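Below is one structure, written out as structure tokens; comments come after it.
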Amino acid sequence: METKILGNAESVSKQNNVLVIKTKESEARIWIYSPTIIRVNISKVHSADTSFAVIQKPAEKLEYSESTNELLINTGSLKLSISKSPLRFSFYTTDNKVLSEDDARFGTNWQGTKVVNYRKLYKDEKFIGLGEKTGDLNRRGSSYINWNSDVPDHTPKSDPLYETFPFFVGLHNGLTYGLFFDNTHKSYFDFGASTDDTMSWFGADAGDMNYYFFGAQSVSKIIEDYTWLTGRMQMPPLWSLGYQQCRWSYMSAEEVLNIAETFHKEKIPADVIYCDIDYMDHYKIFTWNKTTFANPKAFIDQLKSMNFHLVTIVDPGIKVEPGYKQYDEGVAKNYFATYPNGEKYVGSVWPGRCHFPDFFRDDVRKWWGASFTALTEPGVEGFWNDMNEPAAWGQNIPSIVKFGDYYMPEVRNVYGMEMARATFEGTKKLLGNKRPFVLTRAAYSGTQRYSAVWTGDNSAYDAHMLLGQRLVNSLGITGMSLVGVDIGGFTGDPTPELMVRWNSLGVYTPMFRNHAMQGTKYREPWRWGKENEAIIKKDIEQRYKLLPYIYSGYYQSHQTGLPLSRTLAINYTQDTSVFNTKYQNQFLFGDALLVAPVESTRFTEDVYLPAGEWYRLSNGEKFTGSKAVHVEAPLNNLPVFVKAGGIIPMQNVIQSTNEKGDGILELNVWYGKEANSFVYYEDDGSSYNYENGEYYKREIYFDPAKSTISLSAVEGSFTSKYNKIKLVMHGFKGNIKTFKVNGKAVKIWPDAEHGTDYSLIDNNSKPIIIIY
Ligand code: GLC
């Protein structure tokens, strides 16, 4: 194997907005994408410059200065110093603090076709990110491989899993930076795992050393920049944020309806029910089993009349069977992956021998998208994309298989994303102005533009529950906000305690889905005895109460890329305790809530509360942060805390997001010494009209110095579904004098329950009841 280390710059030129540096063996190109984002591409071949992830173009201008030994780019927010001999790249803040730099000896190099970048490792350097990766929050000392794989029996340590997000954030000396290695080949990340703490490195089997460096000085701004570059999620359908019940499989329409009816009978709120692979005719995608799902439209109409939305699974494998529509069409048009001689690749999955659509082609994506009429016409609105690593029994899809112009190893990591894209674009068209819900198992950076993800086939034990939370939190760093885990564990049977505990964590999981494997015990909320059912029900009710807060949280993801579930490392980056393995699973759910996952066998827990003051959500007990507290954690009371100053809009319990509720938006504010604000957002929850200004947005401010809580004027043309706002103040002890609506001060009075009743009409003609 030939090893080549990037050598000296032989020529430097600027071509429009790109700086081009030639060495004997390669060409390096540098672009500025924004003041905090610089792209470096080092290539031995002048390959086509395409990206599946990036949706932005570089800035039109690039300026640099040159001295004998150095080239310098200063964006005003980030500096890149390039040493010419040998060619090495070092990034600095504008006040000359080094953020990250090539290892001076080896920098970028080629080991055969493999391209690798060795970087200097700083003494206190920590790493977070990489999306769906097992292990600890701080990835220092670990190494990872990106190779999307179907891993049904994975453990809390397995690697790789199903998804590839080659983006991490480095933290050292109080500084932050991000790095996105946009190379879709099998890739490797090593955060000082076996370099005697001298180097970190990343690389890929082939392709370019192609990375985007992020220099913003906060993790949240780095996430904002990364999601600016790779896109942000659209507003999800509100129904997808309710409780979701799944199973492999409910075997007939009758069984699905029975489950839906039982939710109603038990008065347990729910919105979504799934059909796993058995709804199909012999697992043929875009078909229905003629016996067990004989009349899909009538069945779905019935579900809809019970306020349930149906999600059905689709796998990429198209059964080899002449006479089957998708097979015939795909063969006629050459839509399937082939060997280089044009022979169609055959791999076996659920239906038996299958061909695999070439989702890298526009015409194939359109054809796939249009095929969903078989599902959308009877009324399906959610589309679950599975087995798209792509999975084939035995896993070893030969490297010589071609997808369009690409060989499998080059694009395997993107296959799932392109399938989700085809599904999203196709169903969006078919559903008219309605938002489809798309869920995918395999993904690559940028998938947030099309789909939610879940973390695959987990297992019914505590360590998997905790791992699931870390995966959700880590996926949040890489732009995926709408993320779920199989609550209860896919394989195995949870104990009743684990089921109850996991469900209580599900309330604070972005996508709240209960799912289980065939052959396991049934998992629905009423299968666990009356006492447990009552706890599960109460927790699901809590999810529904929080929906106004959760929906506003997704608006934040849509606007800034900040995820709903946030590792504490995002907001409390410099607090080393948040990386302590004992507390590393804790997270913020939205701006105001801190959640501490607890194993099902523990009924008290040490919770680390970062700086500031905190209230236990369940009883208002107040704590001072920057320390661990030991708290009660019975199965019916997961430790959840509200940050002092926290603002949480809530609603009354409804049985489904289709219900309007009592029309009261309950604005909860917890007293704190620092001012705070919250952006409340609402729209119709189902259409794209919000893109044309049909939304209802207002900012809520709390200012203890002025003893004021205020609501801004409403922005947008949507009429809120709430016709009353009820203000609920926690821990104020008389510490508030003024409530302002649209700038107009209103004195605060107690309500009937506490004394005198008071209400007023704001400028938007909304009566407001004030509670002290
Ligand atoms: C895969 C999925 C799982 C699904 C099963 C059957 O294992 O990960 O969620 O239930 O296939 O379709």
Side-chain angles (χ1 to χ4, degrees), residues 132 134 148-155 158 160-163 240 244-252 255-256 259 272-289 292-293 310-319 347-352 354 356 375 380 382-395 415-416 419-420 423 437-443 447 451-460 464 467-468 471-472 475 483-494 502 506 509 511-524:
E132 194 201 33
T134 55
N148 290 1
S149 302
D150 176 18
V151 261
D153 291 313
H154 66 269
T155 69
S158 303
L161 297 183
Y162 308 84
E163 301 164 8
S240 67
Q244 307 191 356
Q245 186 64 54
C246 190
R247 178 170 184 83
W248 174 19
S249 297
Y250 296 126
M251 296 302 287
S252 64
E255 190 179 7
V256 177
I259 297 288
V272 190
I273 202 150
Y274 281 68
C275 280
D276 204 327
I277 47 176
D278 295 286
Y279 76 92
M280 292 181 262
D281 173 20
H282 293 92
Y283 306 134
K284 282 181 281 183
I285 312 306
F286 307 120
T287 67
W288 294 86
N289 183 309
T292 49
F293 290 85
L310 183 68
V311 179
T312 53
I313 197 167
V314 289
D315 294 340
I318 296 290
K319 185 173 170 66
S348 286
V349 218
W350 304 120
C354 287
F356 293 81
L375 301 172
V380 180
F383 312 93
W384 174 19
N385 292 223
D386 191 22
M387 308 296 276
N388 51 0
E389 291 68 35
W393 305 149
Q395 304 269 352
Y415 189 81
M419 177 187 178
T423 303
F437 169 67
V438 179
L439 176 64
T440 179
R441 192 172 72 176
T447 300
S451 181
V453 292
W454 94 105
T455 60
D457 298 344
N458 59 357
S459 296
H464 248 290
L467 166 73
L471 295 179
V472 169
L475 281 159
V483 181
V485 301
D486 289 352
I487 287 164
F490 180 70
T491 57
D493 291 317
W502 210 327
T509 301
M511 188 187 91
F512 189 2
R513 186 179 78 147
N514 170 315
H515 180 43
M517 185 173 162
Q518 65 174 3
T520 57
K521 285 192 189 143
Y522 278 83
R523 290 286 171 77
E524 298 75 20

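Counting starts at 1 for both ligands and their atoms, following the listed order. Model, not experiment: these values are computed from the prediction. In this chain, residues are counted from 1 in sequence order.
A salt bridge does not link Asp276 to Arg247: none of the charged nitrogens lies less than 4.0 Å from a carboxylate oxygen.
Ring to ring, His464 and Trp502 are not that close: their centroids are 6.0 angstrom or more apart.
Looking only at atom types and distance, the side chain of Tyr274 has a donor-acceptor partner in the side chain of Gln244 under 3.5 Å away.
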**Request:** Show your working on side chain to side chain donor-acceptor pair (under 3.5 Å) between Ser459 and Thr491 and close with a plain yes or no.
**Result:** CA-CA 5 Å; Ser459 296; Thr491 57; 2.8 Å; yes
**side-chain contact (heavy atoms from CB on, under 4.5 Å) assessment of Thr440 paired with Thr447** = CA-CA 9 Å; Thr440 179; Thr447 300; 3.8 Å; yes
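With sequence neighbours excluded, the residues forming a ring-ring contact (aromatic ring centres under 6.0 Å, His included) with Phe383 are Phe372, listed by chain and number.
Annotation: ligand 1 has protein neighbours Trp248, Asp276, Ile277, Ile313, Trp350, Trp384, Asp386, Arg441, Trp454, Asp457, Phe490, His515, each with a heavy atom less than 4.0 angstrom from the ligand.
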